[in-house]
Amino acid sequence: MCGIVGYFGPQAPKNILLSGLKKLEYRGYDSAGVAIHNAGEFKVYRAAGKLAELEEKVSKVDFDGRIGIGHTRWATHGLPTERNAHPHKVNGVSLVQNGIIENYAELKKELIANGAQFTSETDTEVVTHLIAQALADSADLMAAIQKVIPKLRGAYAILVVSENEPDTILAFKAGPPLILGQGDGEVFLASDVQAFVEQTNRVVYLDDFEIVKVKGPTFTFYDQFGVEISKPVEVVDISVATSDKKGFKHYMLKEMFEQPRAVANALNPYIDVETKSIDVSRLGLDGAATEIEALKALQGAERIYIVACGTSYYAGLYAKYLIEQLVRIPVDVDVASEFRYRDPVLDKKSFALFISQSGETADTLAALRLAKDNGLTTMSLCNTKRSTIDRESNLHLYMNSGIEVGVASTKAFLSTLAVLNTLSIYLAESRNQINADERAQLVEALLSLPSLMEGVLSYDSFFNQAAETLKNYKGFLYLGRGHNFPIAMEGALKMKELAYLHAEGYPAGEMKHGPLALVDSQMVAVVICPKDKYYDKTISNLEEAKARGGVIFSIGTGQDEELEAMSEHYLSIPESHWMLSGLLSVIPVQLLAYHVADRLGHDVDQPRNLAKSVTVE
Ligand code: M6R
């Protein structure tokens, strides 16, 4: 993960770099640093902890240079200490990296054998030494980098400056994203357009193994052989992430409360409200011949693979229930890190969907490339437009949920589920599994979702109060059946990542096959039990947990006296179409985790050890 930024221009580099790093803090926030030119050298400042520590450290420092690089870290090699923070500097070469150099240990051994002295435990310092060493031979930064790149194995995006060429930044990548922004007489480099989109919307996305040399306000691109290439400057339509919590205590709370609007925005591009139909031309197509072919491949697919990580994986699991039920085609759902390495048997008549909020998750991207290499037609469902996964897929769906700042995904998840519902209905109709009337009914149900969600959000204070006692339990078992099973998994993930409490999601029917042994008076069973076809079975599973002393927190439909009587805490979601109960159960599990974590005093927006965009495998 990590976020990197670079700048050359007339503005004070310190301010540009720090404001860029603030926007990139979602990528890692355990330490940060900058190298800025001043009085003939690149001065490095680093600090352990959040960016605020670095800001404090450089607040009174003035730099006379117009150029610098910066980094916000999510530790991979070495503790999150100041000496492991980037930039690393060796003999006038300063460098920041987002990524992992897999063969760093053997490279380090060779360097040490040749007399190099290391001051950190990072893989990044190894690259810095290699470039410094190569520079000793050629004195040309570009030539030095070209000599070093073939030695590196791994996934990385790197910015490097050298005191020999004080007006130059060299940037290169293999894997994680790197974008150049062209201003007027100034150049920006960053892991995400958000770092500089307030300054310019003219951008160039680097491709793997390309190098860009920023020299003063000009820049030149080279391919991996050092041959100059031309790349178009694109104008992107990306809104600036707001740093306003709008009166909420945390971004996450604000984002949960934004969910009705986010879901409406997610549905809007795909649904014609008048005719209650789903407009094919809006499924991310622009009418290009290849995209029309891709759409045909989707409609005719004999199997669908859905691949994602974390919360996006649970969204994929949810889609399996829905697509198989409505469309009657088999759906395989994989965690991307497994899919990419398990040598899957992929039939060309199948279709592959990749879900990623960030659009940059390394494993999901690798899985997408694997599917394409195997001749599959691909579709992505991303929140970040023009992200790598979005750019590399054949068809494109969008969550449209706006910037999500909280590291724990909330509104992007619900928006994803809404879009997956739309896709399922579209496929069901196009494959004659439902008729126009049935489609209109399903679409109508979907359109009622935002207002039903408002109702669930109004129970916020109920969760706040319940959290006061629930925060004291040793663990949580989340139980659900059917399309509520993935929601149980998501609920458990939220509790783990926010409250740091042990939580597991299970299909309710699995309890007696092992997890029941965990149940005692210190274990909370969070049971999602809407009045659907599984109701009686789930109630029996709940009885089993209760009989063993478990504390029951249940989420049911409307007035359910039976369920309420069995539960220490009962939360009612509104009566609704069967398709919506999973979506409506999401908000309760989010609010529960949020309030427990908040009452435990945790940093809800930036949970420990995590980052929002996972660009390393
Ligand atoms: O950006 P992506 O959707 O590809 O991210 C996948 C996971 O890293 C992400 O969902 C993660 O699990 C979140 N922390 C969940 O809240």
Side-chain angles (χ1 to χ4, degrees), residues 1 3 24-29 74 175-177 191-192 194 250-253 255-256 259 266 306-319 333-340 353-368 380-393 397-417 419-420 478 486-487 489-500 503 505 586-587 589-594 597 602-617:
M1 280 88 90
L24 298 187
E25 234 189 339
Y26 72 88
R27 305 175 70 86
Y29 36 81
W74 183 84
S191 308
D192 182 338
Q194 276 301 331
H250 294 104
Y251 285 108
M252 182 187 170
L253 191 60
E255 285 160 4
M256 285 188 291
Q259 291 183 115
I306 304 182
V307 187
C309 299
T311 288
S312 294
Y313 166 73
Y314 298 137
L317 210 52
Y318 169 89
V333 189
D334 267 89
V335 167
S337 55
E338 289 298 312
F339 182 84
R340 64 181 290 194
L353 168 64
F354 299 85
I355 306 174
S356 176
Q357 187 283 132
S358 61
E360 299 294 351
T361 300
D363 285 318
T364 310
L365 176 60
L368 164 69
S380 57
L381 171 46
C382 296
N383 198 28
T384 311
K385 289 188 179 157
R386 307 295 292 134
S387 56
T388 312
I389 292 172
D390 179 31
R391 282 181 286 129
E392 293 197 13
S393 53
L397 291 169
Y398 297 106
M399 299 170 192
N400 273 327
S401 45
I403 308 282
E404 193 177 60
V405 177
V407 164
S409 188
T410 53
K411 62 176 181 171
F413 178 63
L414 258 176
S415 302
T416 302
L417 299 191
V419 175
L420 290 170
Y478 285 75
I487 308 304
M489 302 286 285
E490 168 63 4
L493 179 64
K494 286 286 149 296
M495 188 60 84
K496 278 184 269 213
E497 65 182 337
L498 295 168
Y500 318 149
V586 173
I587 293 173
V589 298
Q590 292 172 341
L591 285 171
L592 179 61
Y594 169 80
H602 295 164
D603 184 342
V604 177
D605 284 331
Q606 294 185 328
R608 70 183 183 199
N609 306 340
L610 300 181
K612 191 151 186 76
S613 182
V614 184
T615 54
V616 294
E617 56 173 303

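Both ligands and their constituent atoms are indexed starting at 1 by order of listing.
- Under 4.0 angstrom from ligand 1, there are no non-hydrogen atoms of Glu360.
- Between the OH atom of Tyr314 and the CE atom of Met489 there is a distance of 4.0 Å, given to the nearest 0.5 Å.
- Between Lys612 and ligand 1, a contact under 3.5 Å exists for no N or O pair.
- Close approach of ligand 1 to Ala408 is summarised as follows: ligand atoms under 4.0 Å from at least one heavy atom of the residue are 16 (O).
- Residue Glu497 has at least one heavy-atom neighbour below 4.0 Å for each of these atoms of ligand 1: 13 (C), 14 (N), 15 (C), 16 (O).
- Just one residue in the list Glu490, Gln259, Glu255 forms a side-chain hydrogen bond (donor to acceptor under 3.5 Å, both in side chains) with Gln590, and that residue is Gln259.
- Within the listing of ligand 1, atoms 15 (C), 16 (O) sit less than 4.0 angstrom from a heavy atom of Ser409.
- Residue contacts with ligand 1 include Val407, since one or more of its heavy atoms lies under 4.0 Å from the ligand.
- To the nearest 0.5 Å, atoms OG (Ser401) and CG (Leu414) are separated by 9.5 Å.
- Near Lys494, with a cut-off below 4.0 Å to any heavy atom, the atoms of ligand 1 are 15 (C), 16 (O).
- In terms of heavy atoms, Thr361 sits closest to Ser356 at OG1-OG, 3.6 Å.
- Ring geometry, His250 versus Tyr594: the interplanar angle exceeds 60°, so the pair is classed perpendicular (tilted spans 30 to 60°).
- Near Ser356, with a cut-off below 4.0 Å to any heavy atom, the atoms of ligand 1 are 1 (O), 2 (P), 3 (O), 4 (O).
- Closest approach of Val589 and Tyr478 over heavy atoms only: CG1-CE2, 4.0 Å.
- Donor-acceptor pairing under 3.5 Å is recorded for the side chains of Ser393 and Ser380.
- Of the candidates Leu498, Thr410, Thr361, it is Thr361 that places a heavy atom closest to atom 5 (O) of ligand 1.
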